[in-house]
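Notes follow the structure.
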Amino acid sequence: MTQLITTELVELDQNLGNTPEAVIRHLASKVAAAGRATEVEGLFADAFAREQKTATGIPGGIAIPHCRSAAVTEPTLAMARLNPKVDFGAKDGPADLIFFIAAPDGADQAHLKLLSKLARSLIKKDFTAALRNASSREEIVELVDGALADKPAAHAAAVPSDAAATAAAGGATGAAGASAVAGAGAPAASSGPKRLVAVTACPTGIAHTYMAADSLVAAAQEMGVDLQVETQGSSGAKPLDPAVIAAADAVIFAVDVDVRGKERFAGKPVINAPVKRGIDEPAKMVQEALAAADNPNARRVPHFGAEEQAEHDAEEKGEHIGQKLKRALLTGVSYMIPFVAGGGLLIALGFLLGGYDITDVADTVVVENNFGNLPEGGLAIYLGAVLFKIGALSMGFLVPALAGYIAYAIADRPGIAPGFVAGAVSGFMGAGFLGGIVGGLLAGYMAHLIGTWSVPRWLRGLMPVVIIPLLASIFASGLMFLVLGGPIAGLTAALNNWLSGMTGASAVVLGIILGLMMCFDLGGPVNKVAYAFAVAGLSAGAADNQAPWQIMATVMAAGMVPPLAMALATVLDKKLFSLAERENGKAAWLLGASFISEGAIPFAAADPLRVIPASMLGGALTGALTMAFGVTSQAPHGGIFVFFAIGNVLMFVLSIIAGTIVTALAVVALKRWAAPKTADTVESVPATV
């Protein structure tokens, strides 16, 4: 097996810059210079993107930037002992020991296990003290190799004798700690130790997953608590024994990603936090789990194995009310889109076969005719009527689905029924999209509130299936009928009339605004608001009222620009993009043509200050042009592949091409002439191919 670290990958007591970006770039250059990566920029971009998601600094003056990258050819460690220290986001201050872990996309399990073992060793104080006392690169390599082979630190003589024994909240056990029973050998209370289980997981699954596990085990051991951890990392996961889970008093989820098999822990009191908190504050998390075990009102893992309730997630993460609302609205929109996408395309096909007049005869044709009794106009009219009616019925679920899943995001399954009912009432009252949002929020918060009531045991089984849907439906739908429906319907009608009357310059301004929104966060909340606004009005479009169709065309065209532009930019100047970005650029052609704005996200994540403004510039141009030329779309999705549903398709394509070229040229110009300055200490190392 190839050695993970060599002396040429070690820097001792060097000034590598004063930011994590400079340090990571320098270490990436060391990896490339050693022939273990094909290029510096691709590796740096992947590592720094990971750093921006979650800071890699941990207590004790240590940082472990890490990533998987297509640029890496073999698993590698690069180490730097910094002077001066650099702040990597740890709570106790800047770091002087930096280990850069670079793994290939397809790293084998043996190498990944070694990388994980090193990460766990870094939270042992005797090991880190030996690293700080090492006088040469050779000693560093020897210490790391010893840690990977489970040997004691050969150079730990200078470490204070109590260094290993003082592992507190941020300490850890050995490499086997994550799967060991922490209570073994620990003093037990007279009534027996409390039993806890935990799951740790991070997006990369190399470092934080295992360090959090060891920190939690060490903290539990000091408290005399029996804790077993399941690490859902890249080097494999061994599920906890069901009997161990059943016997546990509470569960800790220290995760940045979804827990696999969460239903196994159903009904257990739960403490949920980011994986880094398991490293920074393991003792506090154990204490909170012990308190939850004794609290009958503590938050618990849902019995139905669904996602955690949005409200509870918000409380755990300290979200503000605006963030809670955003989460609920985006959930509603995401579940609504399939109804709209299928329904909209079917309506477009109905128009294609039956013409615009199909709206007047569709109901009669589908009821009175069949293949043996075709209507006047023949098979095309009959099929057009059938397709149009299926699409119209699907679109009829737009507002109920939106409201139902907004309520679901707030109150989970008990909120679905009252949310759908409130949405149906909104549609009946003519309150439309806005009424669906209001009704969904009312239904969700009422269902959540009723779910917190303390009721007798015999009534608990009826709460989610009878009591909560009944009372929440009466409250939310009653308010819509008696108080809110009429005013919201009036507002909706006024908004539709205003949009229908927009022509000339005012329509162009609306196109610019929609284009900017679609390109601002590439599939995020602002993008989704613009998209939801367009699809909500799509069903109101008609031959004599094409404004909703124009808005839909504008939103779709602008949303296609960012991925297409990034693909074009990688062709115009390949040197400005990493190997991974160039590969993403190839896929972005198809993603952009299909109206999948998220195809530009890899580029925006690596360079947001250049990619996003350039995308907004092109999106605004495309939005203005589509509105100015009166382009329409009766389909809510599909991009160029639903050309048959697009009116004035030539100008649709030309508008997209114009925005794509502007964005591509802008991002190339920004990357060439607005490049960030790196620290003087960062040497330029040619990529090794």
Counting C-beta onward and ignoring hydrogens, is there a side-chain heavy-atom pair between [X] and [Y] closer than 4.5 Å?
X: V438; Y: I488; result: yes
X: L383; Y: F371; result: yes
X: L625; Y: L654; result: no
X: F652; Y: F629; result: no
X: K262; Y: V301; result: yes
X: P239; Y: R264; result: yes
X: D363; Y: K389; result: yes
X: V571; Y: W589; result: yes

If the plane angle is over 60° it's perpendicular, under 30° parallel, otherwise tilted; pick one for Y531 and F595. tilted
Please check: side-chain N/O of [X] versus main-chain N/O of [Y], any donor-acceptor pairing under 3.5 Å?
X: T663; Y: G618; answer: yes
X: S394; Y: I390; answer: no
X: N373; Y: E368; answer: yes
X: S473; Y: L470; answer: no
X: N648; Y: G630; answer: no
X: R300; Y: A266; answer: no

T554 and T626: side-chain donor and acceptor closer than 3.5 Å?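 Short answer, yes.
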Run the side chain to side chain contact (heavy atoms under 4.5 Å, CB included) test on M429 and M480 for me, step by step, so that the C-alpha distance in whole Å, both residues' side-chain angles and the decisive distance to 0.1 Å come before the verdict. CA-CA 8 Å; M429 297 287 290; M480 290 299 298; 5.6 Å; no
What pair of heavy atoms forms the shortest contact from [X] to [Y], and how long is it?
X: Y382; Y: P375; result: CB-CD, 3.7 Å
X: L442; Y: L479; result: CD1-CD1, 4.1 Å
X: G436; Y: A403; result: O-CB, 3.2 Å
X: A472; Y: I450; result: N-CD1, 3.9 Å
X: V662; Y: L621; result: CG2-CD2, 3.6 Å
X: I468; Y: G451; result: CD1-CA, 3.8 Å

F397 atom CZ, over 12 foreign heavy atoms within 6.0 Å: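 No, because the 6.0 Å sphere around CZ of F397 holds 12 heavy atoms or fewer from other groups.
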Residues, nucleotides or ligands: over 12 heavy atoms within 6.0 Å of F643 CZ: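 Atom CZ in F643 is not packed in, count stays at 12 or less.
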Under the side chain to side chain contact (heavy atoms under 4.5 Å, CB included) criterion, do R299 and N272 qualify, and how do the steps go? CA-CA 10 Å; R299 178 187 178 193; N272 200 334; 3.8 Å; yes
Atom [atom1] of [X] and atom [atom2] of [Y]: how far apart are they, to the nearest 0.5 Å?
X: L346; Y: L393; atom1: CG; atom2: CG; answer: 10.0 Å
X: F481; Y: S426; atom1: CZ; atom2: OG; answer: 10.5 Å
X: T622; Y: M556; atom1: OG1; atom2: CE; answer: 13.0 Å
X: Q634; Y: Q546; atom1: CD; atom2: CD; answer: 8.0 Å
X: L617; Y: I612; atom1: CG; atom2: CD1; answer: 14.0 Å
X: F603; Y: T570; atom1: CZ; atom2: OG1; answer: 5.5 Å

Worked verdict on I646 versus T632 for side chain to side chain contact (heavy atoms under 4.5 Å, CB included): CA-CA 6 Å; I646 297 173; T632 62; 5.8 Å; no
Return all side-chain donor-acceptor pairs below 3.5 angstrom for residues 560-568, not counting sequence neighbours, or 'none' if the list is empty.
none

For I381 and L353, run side chain to side chain contact (heavy atoms under 4.5 Å, CB included): C-alpha distance rounded to whole Å, both residues' side-chain angles, the deciding distance at 0.1 Å, then the answer. CA-CA 6 Å; I381 296 296; L353 294 175; over 6 Å; no
Flag the pair F253 / F265 as yes when their ring centroid distance falls below 6.0 Å, and as no otherwise.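 Yes, ring centres under 6.0 Å apart.
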Step-by-step salt bridge (charged side-chain N to carboxylate O under 4.0 Å, His left out) determination, K671 to D607: CA-CA 9 Å; K671 283 180 174 289; D607 194 2; 2.9 Å; yes
